[in-house]
Amino acid sequence: MRSQVNGAAGSRHMSVHLLEASPAAGTRTGGRCRLCGGGLEHTFVDLGMSPLCESFLAPGQLDTMEPYFPLHALVCGTCFLVQLKEYVSPEQIFGEYAYFSSYSTSWVAHARAYCAMIKQRLDLGPDSLVVELASNDGYLLQHFLPLGVPVLGIEPAANVARVAIDKGIATQVDFFGVALADALVTAGRRADLIIGNNVLAQVPDLNDFVAGMVRLLKPEGVITLEFPHLERLMAENQFDTIYHEHFSYFSLITIEHLADRHGLKLIDVDELPTHGGSLRVYLARADSRRSASARVADLLARERRAGLCDLATYGSFAEQVKSTKRKLLAFLIAAKDEGRTICGYGAPGKGNTLLNYCGIGTDFLAFTVDRNPYKHGRVTPGMHIPIHPVDAIDAYRPDYVLILPWNLRDEIVQQMRHVADWGCRFVVPIPEVAVIDPKEPQS
Ligand SMILES: [Zn+2]
């Protein structure tokens, strides 16, 4: 789709320049940064070959070939965007998507609290328009309906959008960018608030997406974006959040580059516990009357102190990942050698990166369970672990349950506390392997 951006043409000069500028950084690879167009020469982490992490296989697909793609993250030496090349087209990924946000209780509660907060903060009312990009099954926009605020969802996966439409949430099935923004503006629709939760990472043409938001935004409108914070990913070994559906991984430093490039300014930032540690950034037009909170400068300074403007910091991440893999495998091998039974909990995208990179199949996990009925009866991509309804754990009575969506560990331990009845314990793989006894109070 943007082969001119990822192609090797013109990269030779830049690679020589960057190699001299930063001899400590990793492997040279070629390509251009999807944000700034700078040379893309430095490996962040190479997770080998992996299938698409949301491509769960039905029983009839088990005897067919399964496509694998490189899972190699790079870091830009100019704007420090950590990114994958576009190995897979968005149409391949998002045409029929298995992720339904509403299956996570805590995520829906997070969305409800956000809607109440932002309505008051921006004084939204019946004459406002809230647009959510990648609105999924309406898990968020549904909370604006009782508040009397008009909404429009944009969602490319038709099967997921259908669920929102059936709930009465206006939803357009499309990919967002300048073309769609212009069509909406021509139709008289401009937004007081544009929301992008966990979507920025999934956009291959980042500049077209952000330019579209700017066109759709009213002069004093606000954009809020939530995304996993790269600083947390690096500090806590969250390598399993790297998968083909996530093209980009952001620090606030990189968001500032993005804002500058598109005539936007950062006006505020919240640090959130969601997805292992996320940022919610608030953006306005550079010429808006809105001023910036001190939190923006404070967090930018903290990221600089953490070395996020230094390629050597990024170069050390790959060793952390290998060590995390060895610790998890050592635990699982020891448990199996002792005759323990283990199953998984959850079949999230991140779980599939973890299972494939570590080579964990049914030799370790008898099966996994998920609350999403779409996945029941299917197997995980690559490692082909069967996915059952949650009550399969009660029938199997395993010694250990490996929690794959570790960001939801507190919620899952709370819901599944009864497994203590037969002496079962939970295992979380990230930031490093740890055993949780459900009988002990959780922090
Ligand atoms: Zn860049």
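Just so we're clear, the structure is a prediction, and the values are computed from it rather than from any experiment. Only this structure's heavy atoms are used, side chains among them; waters, hydrogens and symmetry mates stay out.
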If I compare all heavy atoms of [X] with all of [Y], which pair ends up nearest, and what's the gap?
X    : Y    : result
G276 : N407 : N-CB, 3.7 Å
A211 : V178 : CB-CG2, 3.6 Å
L145 : G168 : CD1-O, 4.2 Å

Using the rule given for side-chain contact (heavy atoms from CB on, under 4.5 Å), can you reason through L252 versus L279, listing the C-alpha separation, both sets of side-chain angles and the distance that settles it, and then say yes or no? CA-CA 8 Å; L252 194 63; L279 294 184; 4.1 Å; yes
State the [atom1]-[atom2] distance between [X] and [Y], to the nearest 0.5 angstrom.
X    : Y    : atom1 : atom2 : result
L133 : Q202 : CG    : CD    : 12.0 Å
L329 : I360 : CG    : CD1   : 5.5 Å
K375 : T380 : NZ    : OG1   : 10.5 Å
M234 : L230 : CE    : CG    : 5.5 Å
F176 : F209 : CZ    : CZ    : 6.5 Å
L122 : L193 : CG    : CG    : 6.0 Å

Verify side-chain contact (heavy atoms from CB on, under 4.5 Å) between V321 and L47, making sure each step is shown before the conclusion. CA-CA 9 Å; V321 172; L47 299 171; 4.0 Å; yes
Non-neighbouring partners of [X] that pass side chain to side chain donor-acceptor pair (under 3.5 Å), sequence neighbours left out:
X    : value
R261 : N207
T254 : S251
Y396 : none
T368 : none

Between [X] and [Y], is there a donor-acceptor pair closer than 3.5 Å when you use the side chain of the first and the backbone of the second?
X    : Y    : result
D421 : V419 : no
R34  : P204 : yes
H244 : P70  : yes
K265 : S288 : yes
E66  : P381 : no
R32  : G37  : yes
N352 : C53  : yes
R417 : K439 : no
Q142 : K167 : no
R285 : G263 : no

Validation row: [X], [Y] side chains within 4.5 angstrom (heavy atoms):
X    : Y    : value
P429 : L402 : yes
I403 : P405 : yes
E155 : V173 : no
C424 : P438 : no
F69  : P51  : no
L84  : L71  : yes
K85  : F247 : no
I242 : F44  : yes

Classify the side-chain pair [X]/[Y] by whether it contains a donor and acceptor separated by less than 3.5 Å.
X    : Y    : value
Y139 : E132 : yes
S293 : D268 : yes
W422 : D399 : no
Q61  : H384 : no
Q83  : S248 : no

Could you pull out all donor-acceptor pairs under 3.5 Å where a side-chain atom in residues 146-153 meets a protein atom, sequence neighbours excluded?
none

Restricting to ring-ring contact (aromatic ring centres under 6.0 Å, His included), what partner residues turn up for [X], sequence neighbours left out?
X    : result
H246 : Y243
F250 : F227
F144 : none
F239 : Y357

How far apart are the C-alpha atoms of L308 and Y314, what are their side-chain angles, what is the distance that settles it, and do they pass the side-chain contact (heavy atoms from CB on, under 4.5 Å) test? CA-CA 7 Å; L308 296 185; Y314 296 87; 3.5 Å; yes
Distance-only donor-acceptor pairs under 3.5 Å for side chains of residues 385-394, two or more places apart:
{"unit_1": "D394", "atom_1": "OD1", "unit_2": "H418", "atom_2": "NE2", "d": "3.1"}
{"unit_1": "D394", "atom_1": "OD2", "unit_2": "H418", "atom_2": "NE2", "d": "3.1"}

Tell me which pairs pass side-chain hydrogen bond (donor to acceptor under 3.5 Å, both in side chains) where either residue lies in residues 177-196, with sequence neighbours left out. D182-R215, D192-K218
Hey, could you give me each pair passing salt bridge (Lys or Arg N to Asp or Glu O under 4.0 Å) that has a residue in residues 270-283? Not counting sequence neighbours. E226-R280, D270-R280, E271-R302
Tell me, with the steps shown, if T324 and E432 meet side-chain hydrogen bond (donor to acceptor under 3.5 Å, both in side chains). CA-CA 6 Å; T324 305; E432 46 184 58; over 6 Å; no
Could you check F364 against F331 for ring pair (Phe, Tyr, Trp, His ring centres under 6.0 Å), going step by step and ending with a plain yes or no? CA-CA 11 Å; F364 291 109; F331 173 86; over 10 Å; no
Does the cation-pi check pass for R378 over Y374, that is, NZ or CZ under 6.0 Å from the six-membered ring centre and within 45° of its axis?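 Pair R378/Y374 counts as cation-pi.
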Test the R121-Y282 pair against the cation-pi criterion, namely NZ or CZ under 6.0 angstrom from the six-membered ring centroid and within 45° of the ring axis. yes
Could you go through D370 and Y345, starting from their C-alpha distance and side-chain angles, then the distance that decides it, and tell me whether this counts as side-chain contact (heavy atoms from CB on, under 4.5 Å)? CA-CA 7 Å; D370 202 274; Y345 187 104; over 6 Å; no
Scan D260, L200, V269, L264 and name whichever one has a side-chain contact (heavy atoms from CB on, under 4.5 Å) with I255. L200
